[in-house]
Amino acid sequence: MKKYDPITIENKWRERWQKDQTDQTDLVGAKRPFYNLMMFPYPSAEGLHVGNLFAFVGSDIQGRYHRLKGYDVFEPMGFDAFGMHSENFALKHGRHPAELVPKNIERFRETQLKKVGLMLDWSHQVDTTSSDYYRWTQWMFVTLYKNNLAYRKTGPVNWCPSCKTVLASEQVIDGECERCQTLVTKKEMAQWFFKTTAFAKELLEELDVLDWSERTKVAQRNWIGKSEGAEVIFEVIGGPSFEIFTTRPDTLFGATYMVFSPEHPLVDVITTPEQAPKVKAYREEVSRLSEIDRQAENREKTGVFTGAKAINPVNGALVPIWVADYVLMGYGTGAIMAVPGHDTRDHEFAKKFDLPIIEVVSSGQEGFDVQSQAYVGDGKLVNSGPFNGLEAKTEGIKAITSSLAQKGQARFTINYRLRDWCVSRQRYWGPPIPIIYCDKCGIVPVPEKDLPVKLPNLEDYRPDGTGRSPLARDPDFYNTTCPECGGAAVRETDVSDNFLCSAWYFYRYPSTNFDDRPFDPELTKKWLPVDLYVGGNEHAVLHLLYSRWLCRALNYCGYLDFTEPYKRFVAHGMIVSNGAKMSKSRGNIINPDYYITNFGADSFRMYLMFMGAYLEGGDFRDSGVKAMKAFLDRLVAAVLKDGEPDQNAPTDPETRYVLHSTIKAVGQDIVRFSYNTAIARIMELVNHLTKNQIHNQVINETLVRLLAPFAPHLAEELWESIGREKVFSSSWPEYDEEALRRNEVEYVIQINGKLRGKLNLASGLTPEQIEPIVLASPTVSKWLEGKNVIKKIYVPDKLVNLVVK
RNA sequence: GCCCGGGUGGUGGAAUUGGUAGACACGACGGACUUAAAAUCCGUUGACUUUUAGUCAUGGGGGUUCAAGUCCCCCCCCGGGCACCA
């Protein structure tokens with residue numbers, strides 16, 4: 001090879017690697033297992049997005065680097081093909097998903113993924129829509145149910161009118177459906193939930209020690225949303241008692257009214273007959289509001305008096321109970337004590353409805369009046385009987401809660417914002433929920449031996465918006481017999497959220513050969529948890545949270561001996577195109593196939609990694625891929641220069657320095673995902689070779705191996721051209737610390753911190769040896785005329801700063 | 001409002017622990033080669049000035065330090081997470 005022709009080379013090595021099964025890992029015999037996972041895509045018909053490739057290539061570089069470092073790397077791939085994205089696409093084209101999905105998968109794999117040069121082990125592919133797989137997805141459901149981690153409940157749930165299904169709260173973004181951006185409404189329905197809240201504490205606490213990108217952890221922390229406080233029992237005069245949740249029990253003496261959420265079940269019980277019509281009207285008015293309207297910013301407070309009064313347990317004061325929609329049923333206990341003196345929302349409400357405001361925490365500020373503004377800062381308790389003088393937020397909280405707790409009227413609690421995961425979907429394209437309803441036996445999970453519950457091939461699979469799945473239109477599907485009593489029974493007709501499919505796929509990869517278990521205990525012990533997971537941060541509170549929860553759940557059920565699925569998670573950045581987010585309307589969508597066909601996968605990979613910091617994202621510019629191809633042309637020309645290369649290791653200190661510092665820097669940069677600087681260092685090495693006409697076998701062998709993780713096809717070809725075999729069975733080059741030591745170093749000479757000159761001096765000189773040289777240097781001496789040196793700073797082998805006056 | 005990231009030439013972006021700001025590229029300009037163009041190669045390229053040198057420059061304003069893109073305080077802007085969450 002003299003001229004670099006990427007297409008020929010890439011075709012050649014793709015076939016060779018496939019034939020030699022280069023990328024297939026011996027899972028049983030592996031000595032140093034490294035599980036390198038990337039987020040599997042959903043096979044849309046648009047094909048692979050450049051964002052997918054950016055993610056995959058960055059992950060593949062880690063896989064290839066670890067292989068060169070001597071690890072047995074397992075790098076599998078699969079397809080997340082159940083779910084609304086696939087179904088909606090099929091609907092749009094008037095086709096059936098069962099017909100389109102296999103075609104899309106085929107196309108993804110054969111014409112796209114295989115052309116990128118990812119070292120994927122295709123002998124362990126996973127397809128979530130195959131019954132070999134979703135049988136075990138259903139097994140997860142049954143297992144969770146049997147262990148009391150799944151339950152069915154009727155209540156208000158998030159409903160997307162466009163997708164015609166319910167959604168989990170994680171799938172509602174700013175009040176809109178995460179798939180179609182339609183405004184989500186509330187609907188009262190019986191749905192299946194997983195108890196994600198059961199592990200809220202563990203999921204939150206473990207974040208502190210997880211080796212994950214910080215921004216992913218922060219997103220999860222915010223989502224789980226811990227707040228510490230107390231539950232306090234109030235009693236309605238002549239009625240029941242109820243609990244409220246507060247983070248400020250220290251302000252109990254300032255509670256001048258109570259508020260129930262309109263959905264609170266006690267509202268009907270306590271409302272007096274005189275107030276009943278008003279309360280009823282208010283509740284109806286609220287129920288007509290969309291969630292987004294109800295929680296809109298700056299919305300004026302509304303509410304009505306119930307006629308009932310409660311007794312404040314700290315002082316026996318009678319306080320009126322109101323109903324208002326600024327209190328949400330879904331958080332805490334759905335009822336609050338209102339302290340208008342020290343809470344801005346309560347203050348606003350009290351002003352509007354002319355309710356009393358009492359100061360119980362002193363601001364200590366002259367002229368501050370809680371009648372005009374709530375005080376939320378620190379301070380000492382006042383108007384609080386025996387607790388006056390205590391530091392409110394610390395001593396006050398402790399003292400008041402403890403005193404009530406002794407009488408059984410309060411307890412310290414922690415509230416989490418996290419909701420249980422609603423997993424029912426009234427759609428067709430998903431794994432049917434494996435539950436049977438029997439009049440006699442109630443809810444009966446489908447026995448393991450009867451799994452999978454196969455998804456029937458429905459001609460008409462359109463969602464109808466009735467709140468029931470299309471499967472409810474197929475009597476052949478839902479009519480069945482009870483596994484327990486043998487009597488007539490019906491199946492659950494909803495399918496499960498496809499985030500359940502993706503919550504466990506990485507356990508399946510090593511165990512795809514087993515059809516009698518979801519994952520093999522031995523292989524799981526050897527390969528999991530995943531060593532490195534690379535993916536997008538948009539899944540922070542979706543897939544990444546669900547899969548952490550499921551791992552804990554499977555551990556709780558006794559199927560896993562670890563509690564976190566990924567040892568390390570790295571969130572990559574996002575690519576924009578010419579400074580703007582990619583979108584069809586802007587017309588700046590990047591078609592990866594075009595660049596791969598015209599410049600080769602290696603140039604494309606290299607450019608994707610070079611255009612910006614991998615963890616931050618980058619700006620795709622058309623000219624960049626071409627420039628990268630030109631660089632690889634220069635690299636090929638340098639390695640395959642005419643004439644016999646020098647077989648001896650280089651002796652020139654400068655060349656040795658450049659070579660060994662490049663090895664060191666590229667290795668360090670790969671480890672910290674700084675691919676753009678790693679590639680820049682490789683460019684510098686090539687520039688050095690070209691400029692100095694260096695043609696050396698030892699350098700070439702090093703250069704090719706440094707290049708290999710980034711441009712695998714070209715590296716393999718060059719490796720062969722310089723007389724070696726199988727670059728990925730070789731090793732990562734080692735650097736020689738000795739070569740990094742320089743005999744002569746460039747000193748920066750500063751006067752008063754300003755750069756005034758540079759001097760090349762022998763390394764390792766003492767300040768005493770340097771001083772006369774510096775003072776004698778003409779560039780320096782002219783700055784010293786008529787001045788006194790009052791201070792001298794020396795940084796060894798680097799810098800001298802003279803402070804003069 | 002609270003919590004995370006960011007803000008550096010014409011552009012994408014570099015800059016381990018405070019120690020030469022602008023690595024590596026793109027683009028632009030000049031030159032070589034060519035009938036010409038493309039490609040390739042060689043230069044120049046932060047701004048300003050009185051140009052063998054100097055002054056100013058990392059969103060803005062203060063500060064610490066011999067020395068600040070980097071540390072501290074205040075403010076502005078962009079991206080992301082949470083948000084009537086009690």
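Chain letters run A, B, ... following the sequence lines, proteins first and then strands; every chain starts at 1.
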Answer for the Watson-Crick or wobble partner of rU45(B), both distances under 3.5 Å, is rG27(B)
Spacing of Lys754(A) atom NZ relative to rA53(B) atom C1', expressed in whole Å: 15 Å
Same-atom distance (P) from rA37(B) to rG54(B), integer angstrom: 42 Å
In this structure, how many angstroms lie between the C1' atom of rC3(B) and the CG atom of Asn537(A), rounded? 14 Å
In whole Å, what separates the P atom of rA23(B) from that of rG13(B)? 15 Å
Look at all strands and tell whether Asn801(A) reaches a base, only sugar-phosphate, or nothing, counting heavy atoms closer than 4.0 Å. base
All pairs passing salt bridge (Lys or Arg N to Asp or Glu O under 4.0 Å) where residues 247-267 of chain A contributes a residue, at least two apart: Arg248(A)-Asp250(A), Glu263(A)-Arg294(A)
Nearest-Å distance once atom C1' is located in both rC48(B) and rA38(B): 38 Å
Please list, pair by pair, any protein nitrogen or oxygen found under 3.5 Å from a nitrogen or oxygen in nucleotides 20-24 of chain B.
| unit_1 | atom_1 | unit_2 | atom_2 | d |
| --- | --- | --- | --- | --- |
| rU20(B) | O2 | Lys758(A) | NZ | 2.6 |
| rU20(B) | N3 | Glu746(A) | OE1 | 3.3 |
| rU20(B) | O4 | Glu746(A) | OE1 | 3.1 |
| rA23(B) | O2' | Glu684(A) | OE2 | 3.3 |

Take atom CG of Leu542(A) and atom C1' of rG81(B), then tell me their distance rounded to the nearest Å. 12 Å
Can you check the Trp223(A) CH2 to rA83(B) C1' distance for me, whole Å? 11 Å
Inter-nucleotide C1' distance (rG79(B), rU52(B)), Å rounded: 48 Å
Side chain of Ser623(A) - closest among rG27(B), rC66(B), rA86(B): rG27(B)
Once you round it to whole Å, what is the distance between P of rA83(B) and CZ of Arg419(A)? 10 Å
Which whole number of Å gives the distance between the P atom of rC2(B) and that of rU55(B)? 43 Å
Which residue, Arg215(A) or Met337(A), contacts RNA chain B at a nucleotide closer to its 5' end, judged by nearest heavy atom? Arg215(A)
P atoms of rG69(B) and rG9(B), separation to the nearest Å: 14 Å
Separation of atom CG in Asp669(A) from atom C1' in rG13(B), rounded to whole Å: 14 Å
What's the gap between rC72(B) and rC56(B) when it is taken at their P atoms, as a whole Å value? 26 Å
For rU70(B) and rA15(B), measure between their C1' atoms and round to the nearest Å. 10 Å
Applying the 3.5 Å cut-off to both distances, the Watson-Crick or G-U partner of rU8(B) turns out to be none
So if I define the base as every atom that isn't primed, P, OP1 or OP2, how would nucleotides 68-73 of chain B read as a B/S/- string at a heavy-atom cutoff under 4.0 Å? ------
